[in-house]
Amino acid sequence: MATLYDDLQQVKPELAKCMKCGNCMAVCPIYITEKTEAGVARGKITLAEALLAGDLDLQDEDLIHKLFNCLVCKSCMQNCPCGVKFDRIILALRAEIARQKGLHPLKKAIFAALKKQGLFDLGMRLGGSFQGLVFRRHPEKKAYYPRFRMGLSMKRILPALAPVPFRSQVPALVSASKEGEKPLRVAFFTGCSINYIYPQIGHDVIEVLKENGVEVVIPRDQCCCGIATFVHGDVATARELARKNLEAFSDCGADYIITACGSCGGSWQHEFKELLGDDPIYGPKAEYWSSRTYDISTFLTRVINYRKPQGEINVTVTYHDPCHLKKTMKVYQEPREILRAIPGVELKEMNKPDACCGSGGSFSLTHYETSMEINQRKIADASQTGAEEVITGCPACMMHLADGINQFGKGQEVVHYISLLAESYRKEKGGK
């Protein structure tokens with residue numbers, strides 16, 4: 001049975017829920033920035049209705065631009081009195097664009113590489129080794145500026161690629177530190193950002209789990225969660241990646257899957273089962289892992305009674321809620337509980353902590369100026385708290401926040417909350 005991602009006609013019931021009230025205008029980061037009706041959910045729903053009625057068609061490049069001018073941050077859904085699932089609408093529209101127009105050649109090449117993990121891994125390793133040829137190192141940060149425009153703003157900073165991916169730095173099975181009873185075993189879905197850009201976050205995840213007597217398995221055949229392909233309309237590739245991941249984790253012997261990225265966790269909790277619901281083999285597997293996938297903060301605070309840290313870290317922080325972590329996985333209290341449990345950490349909430357930072361994954365590549373206007377508002381809110389560190393739970397947000405702080409901020413560090421917890425555990429033992 002086809003889904004609305006395979007047949008655009010099936011999106012009509014969702015469109016009919018919208019009463020055009022405009023509540024989405026108050027929270028849509030695109031509308032707040034550009035002040036255009038086509039930028040907000042209500043406007044895009046009107047475009048979708050005209051498309052289905054035959055009054056518009058996808059040969060119109062301006063229409064396509066409008067339908068891709070969306071972060072899929074789900075802010076509109078939080079403010080919608082009618083419960084319109086706008087994420088389903090916009091993704092169904094983009095899937096229709098991909099069917100009718102095909103993918104951009106560059107997207108097609110990148111998504112093809114994602115399906116071949118060995119090829120993608122080689123490409124990222126080569127990127128880590130030769131990034132200095134096309135990027136110049138930032139004098140103070142572990143980041144790079146473009147040497148040439150290459151479609152990127154010359155002001156933009158990008159994080160360094162790891163010379164060796166995280167999954168190549170660690171064994172496939174990390175034993176628990178406690179002896180005695182058979183330990184709880186979790187499987188760690190690293191995602192691309194931790195594997196290739198922020199391996200230290202991966203090490204911190206493992207360290208925290210070991211400190212709590214949890215055994216960690218890191219399946220070698222895992223690949224991209226597919227969220228990037230899904231939001232660009234490549235449903236076939238998203239399904240293929242979902243199947244590959246379900247296969248990789250099917251015999252790992254884990255009780256739960258742990259993530260440290262809201263996009264990856266949201267894929268396991270929601271997207272996989274939505275994409276594969278009618279697949280007789282992979283549908284049940286997706287359903288099984290959906291209820292057993294947790295952000296590590298939820299796992300620590302709700303599944304196990306994690307050991308409260310004792311190492312003191314004297315720092316003032318503020319917390320940014322990643323869109324997919326809060327609005328998809330419904331995780332927002334748990335990271336704050338962890339931060340407040342760390343001795344010496346003072347948490348100061350910023351204004352609108354769950355407002356989108358403007359990253360949207362690849363949105364910040366294709367709509368950089370808009371994404372940075374959104375980012376500037378976020379950095380201003382963070383700076384007003386006086387915090388020394390901006391804490392979050394999403395590697396993509398970390399990249400975008402670091403870029404924003406470099407341009408608009410006050411030199412704050414951007415840190416994943418799990419790294420702060422790991423640092424506290426290390427300080428107990430006299431480490432850093």
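The figures here come from the full heavy-atom set of this structure, side chains too, leaving out hydrogens, waters and symmetry mates.
Among residue pairs with one or both ends in residues 4-31, those qualifying as ring-ring contact (aromatic ring centres under 6.0 Å, His included) are Tyr5-Phe230; sequence neighbours excluded. Pairs passing the salt bridge (Lys or Arg N to Asp or Glu O under 4.0 Å) check and including a residue from residues 89-98, sequence neighbours excluded, read Glu96-Arg99. The side chain to side chain donor-acceptor pair (under 3.5 Å) pairs that include a residue from residues 83-92 are Lys74-Asp87, Arg88-Glu274, where partners are two or more places apart or lie in different chains. Applying the side chain to side chain donor-acceptor pair (under 3.5 Å) test to pairs two or more places apart or on separate chains, those with a residue in residues 250-264 are Ser263-His324. Listed by first then second residue, pairs satisfying side chain to side chain donor-acceptor pair (under 3.5 Å) with a partner in residues 106-130 read Lys107-His232, Gln117-Tyr196, Asp121-Arg125, Asp121-Tyr196, Arg125-Ser168, not counting sequence neighbours. For the salt bridge (Lys or Arg N to Asp or Glu O under 4.0 Å) condition, the pairs that include at least one residue of residues 215-228, sequence neighbours left out, are Arg185-Glu215.
Partners of Ala160 according to the side-chain contact (heavy atoms from CB on, under 4.5 Å) rule, which considers only residues two or more places apart in sequence or in another chain, are Gln131, Tyr144. Residues passing the side-chain contact (heavy atoms from CB on, under 4.5 Å) test with Thr318, sequence neighbours excluded: Met350, Ala382, Thr385, Ala387, Val390. Scanning for side-chain hydrogen bond (donor to acceptor under 3.5 Å, both in side chains) contacts around Tyr368 gives Asp403, Gln407, with sequence neighbours left out. For the side-chain hydrogen bond (donor to acceptor under 3.5 Å, both in side chains) test, residues two or more places apart in sequence or in another chain that qualify with Lys101 are Glu61. Qualifying salt bridge (charged side-chain N to carboxylate O under 4.0 Å, His left out) partners for Arg302, counting only residues two or more places apart in sequence or in other chains: Glu337. Legend: residues meeting side-chain contact (heavy atoms from CB on, under 4.5 Å) with Leu126, ordered by chain and number and at least two apart, are Leu122, Phe130.
Residues Met372 and His400 meet the side-chain proximity criterion, which asks for heavy atoms closer than 4.5 Å.
Side-chain N or O atoms of Lys378 include one that pairs as donor or acceptor with a backbone N or O of Pro353 at under 3.5 Å.
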